[in-house]
Each structure stands twice: as C-alpha cells, then as structure tokens.
Amino acid sequence: MSGPESVDGGEQRYRAAGLGPEEPAVLLAPRLAQFAAVARLEHVTQAAALLGVPQPTLSRAVARLEEDLGVDLLARQGRAVRLTRAGRLLLASVERALAEVERGAAAARAEADPEVGLVSFGFLHTMGPDAVPALLRGFRAERPRVRFQLVQDYGAAMLERLRAGELDLCLVAPLPDDPAFAARPLDEQRLHLVVPADHRLAGRRRIRLAEVAEEPFVGLEQGYGLRVITDGFCAEAGFVPRLAFEGEEAETLRGLVAAGLGVALLPPALVPRPGVVELEVTAPRTRRAIGLAWVAGRPLAPPAAAFRDFVLSRRGRLVQHD
C-alpha cells in the first residue's frame, strides 16, 4: 500500500517504537561510528582511509553531526584534530554504544553458527526419559558445541510456543493438521492398557479395549495429545472413558493405576513398574504417531535446520519397539 495513509501509519509505528524521524538516535546513529573513527585517530584523512570513504565526505558527516548537536566536537589543527570537552563526553557514550552493538552482532552471529548456535527444542513429557536424550547424544556427537534450550510441555502448549517463535522445533503426538505448521512423522509407538496387578484382566496378555468400557480410567488432562488419542481410541471401541483422575505426567498415572484407582492407556514403561500389568490392545490398533513440527515458511537458523535434518534421519528409530 502506498500514499499518505501508509506513510502516516509507518511514522506512527516508528514513533511508538521510539524511532521517530526526529529522534536523536535516528538522526545521529549513521554518523556516530564515523565520529568515533576520527576521534580515535585524531586525523580526518587517516579515518577516511580506515572507513573507505572520501575525506570530504567524512568531514561533512562530522560537521553535520556538530550542527545537529549544536556543539563543537573537534578542534581542528590542520589535518589533525583534537577532541573538545563536549567531544570527549560524546565519545565515551559512543564507545559504549558501539561496544554493545559489537556484542549484539557477535551474539547474533553465534546464534546462527551451525557449530555453536542455539536450538530451542520442545518435546512431550513421555519423550523425555529416553528418546530425547538419545537424539541429543547422537546429534552432539557430530556437533558437540551446539547448545540446546529444552522445553517439556503438552502438545497444544508447545505448538503455541512454536507459533510465537519461542521454539524452533518440537516433538508432538498427534501431528498438527494446522497449515501454519510443517510436520513430518517419525515413528509409531504402541500404547498399552495398564491395569493394577490384582485386576481381573491382569492374567491376560491381550485384550480388546471394549472389555474395559465400564472401568474407571486415569488419564492426562484435557489439551494433552495423549488424552486426545485415548479419547479417540475409546470412541473407536464404542464408549466414552469415565475419568476418575486426571494428571500431567505418565508415570504419575502409572502410580494411580498401581493404587487401584483406574486403568490407563500409556506408552510402554522404560523399566517395569511394580503393581501394574501392561496388556497389548488388539482392537482398535492403539498406536500413536509421533512427529517433528516447525512453523511452515519460517526459515530455521542453521543449527536448528541441522538438528531438524538429523532428527528426520532417525525416522523409525525414535522409540523402542516391542
């Protein structure tokens, strides 16, 4: 859009950000580094050679800076110059500002460095004990200096963080069907029906999910991907699960099952849990798809892109298969 309306809107946004056309930072910033070069060398011609600009151009830039500020910054002595008191005061602030800009530029370059940058990676709680450490160990064998910010959360919350730019990538289940996200399936994980050790079905190896239609369930809270998946499988089996307890973490649910408070559909335990028995469900096929998601159309920084490619290369090897 062009014309006065778009210009006015742009100026309003700049002013709201403290960057209006008359702000000192906007007026002075292009000339401050030039002033600093002259002040450091105390010689306009040498400073011009260092900056790669014609000496008259540099002289005019410093003169314009003095004009904008309304003070003399330099006392000229032939080709050499000396700082005035006002010039020394300004130079001290300019040096601090330039050093901060250098630090910011270095941090931005490091962030994008494929060898030492930062990857913000989110994953489901159930992926934390085994799958994610294995991924990180494998990737860091190739790029040991890449840093990670790790976030464990439930699926919907992670996708919101992804959308907001707080995460680069996340492991989710189920995969999002929102076109705002790109997602690739990585693996399937079997979900077992977990029952108390003294349950009437504990002696079985396999069951149909409909056989526990009247049993109380313990499950994750609404919004968790595993809760959505559990509700879906129960619907396939012809019933709505009666939730006796809701929690936020799979191992807590196993503890509730061991205490006889209900049954649950859960991923296989990494180590046997006393007091429970895990049964294979033959109908429906209780498997959940696990995938990697990122924001569609938003370029990933090189370290995040490298980690995405590594994770995708592990397709079919993300979880232990029974």
Side-chain angles (χ1 to χ4, degrees), residues 123-134 152-158 171-175 177 185-291 315-322:
F123 52 93
L124 302 167
H125 291 87
T126 51
M127 296 287 101
D130 185 59
V132 169
Q152 286 182 276
D153 214 330
Y154 65 95
M158 281 196 299
L171 282 178
V172 290
L175 275 64
D177 57 5
L186 289 173
D187 215 336
E188 278 194 342
Q189 184 177 46
R190 186 189 300 274
L191 301 179
H192 291 160
L193 184 75
V194 184
V195 301
D198 59 357
H199 191 273
R200 61 184 176 84
L201 298 172
R204 301 262 297 273
R205 293 185 57 190
R206 300 178 181 85
I207 67 158
R208 292 175 293 105
L209 194 57
E211 293 181 66
V212 291
E214 302 302 319
E215 299 274 349
F217 271 70
V218 297
L220 297 179
E221 295 176 354
Q222 290 287 352
Y224 282 70
L226 186 55
R227 171 63 179 274
V228 174
I229 292 169
T230 296
D231 289 349
F233 285 139
C234 290
E236 283 188 57
F239 69 96
V240 175
R242 178 165 52 89
L243 269 292
F245 292 91
E246 295 179 331
E248 298 180 346
E249 203 273 326
E251 288 309 306
T252 299
L253 299 186
R254 271 195 179 81
L256 295 175
V257 173
L261 300 177
V263 301
L265 270 179
L266 295 173
L270 293 177
V271 295
R273 173 70 183 254
V276 301
V277 174
E278 301 196 3
L279 309 177
E280 179 184 344
V281 180
T282 58
R285 185 173 179 268
T286 54
R287 292 178 179 267
R288 66 169 178 172
I290 301 169
R315 184 173 182 178
R317 295 176 288 160
L318 182 67
V319 298
Q320 296 180 4
H321 294 273
D322 53 4

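Numbers here are sequence positions counted from 1.
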Expected list for residues 235-243: side-chain donor-acceptor pairs under 3.5 angstrom, two or more places apart:
unit_1	atom_1	unit_2	atom_2	d
Arg242	NH2	Glu214	O	2.9

field: Non-neighbouring partners of Arg285 that pass side chain to side chain donor-acceptor pair (under 3.5 Å), sequence neighbours left out
entry: Glu188

message: Among residues at least two apart in sequence or on other chains, which ones pass side chain to side chain donor-acceptor pair (under 3.5 Å) with Thr230?
response: none

message: Using the side-chain contact (heavy atoms from CB on, under 4.5 Å) criterion, which residues pair with Arg204? Sequence neighbours excluded.
response: Leu201, Ile207, Glu211

Shortest non-hydrogen separation from Leu261 to Ala244 and the atoms involved: O-CB, 3.9 Å

statement: Taking every heavy atom of Val276 against every heavy atom of Val194, the minimum-distance pair comes out as CB-CG1, 3.7 Å

statement: The salt bridge (Lys or Arg N to Asp or Glu O under 4.0 Å) partners of Arg200 (sequence neighbours excluded) come to Glu215

message: Going by the rule side-chain contact (heavy atoms from CB on, under 4.5 Å), which residues pair with Arg206 if we only count those two or more places apart in sequence or in a different chain?
response: Glu280, Thr282

For Val281 against Leu265, the heavy-atom pair lying closest together: CG2-CD2, 4.2 Å

Set of residues satisfying side chain to side chain donor-acceptor pair (under 3.5 Å) with respect to Asp153, sequence neighbours excluded: none

- line: Of all heavy-atom pairs linking Ala173 and Arg288, the shortest is CB-CD, 4.0 Å

query: What is the distance from atom CG of Asp187 to atom CD1 of Ile290, rounded to the nearest 0.5 Å?
result: 6.5 Å

message: Under the rule for side-chain contact (heavy atoms from CB on, under 4.5 Å), what residues qualify as partners of Glu249, not counting sequence neighbours?
response: Glu251, Thr252

query: If we only count heavy atoms from C-beta on, is the Val319 to Met127 side-chain gap below 4.5 Å?
result: yes

Solution key, residues 217-225 side-chain donor-acceptor pairs under 3.5 Å, sequence neighbours excluded:
none

- prompt: What pair of heavy atoms forms the shortest contact from Leu270 to Pro129, and how long is it?
  reply: CD1-CB, 3.4 Å

- prompt: Are Val263 and Leu193 close enough, and set up right, to give a side chain to side chain contact (heavy atoms under 4.5 Å, CB included), and what steps lead you there?
  reply: CA-CA 7 Å; Val263 301; Leu193 184 75; 4.2 Å; yes

message: Show me the pairs that pass side chain to side chain donor-acceptor pair (under 3.5 Å) and involve residues 264-278, at least two apart or across chains.
response: His192-Glu278, Arg254-Glu278

message: Using 0.5 Å steps for rounding, measure from the CD atom of Gln189 to the CG atom of Leu266.
response: 10.0 Å

task: Check Gly155 against Leu124 and note the closest heavy-atom contact, atom names and distance.
output: N-CD2, 3.9 Å

message: Which residues pass the side-chain contact (heavy atoms from CB on, under 4.5 Å) test with Pro174, not counting sequence neighbours?
response: Ile229

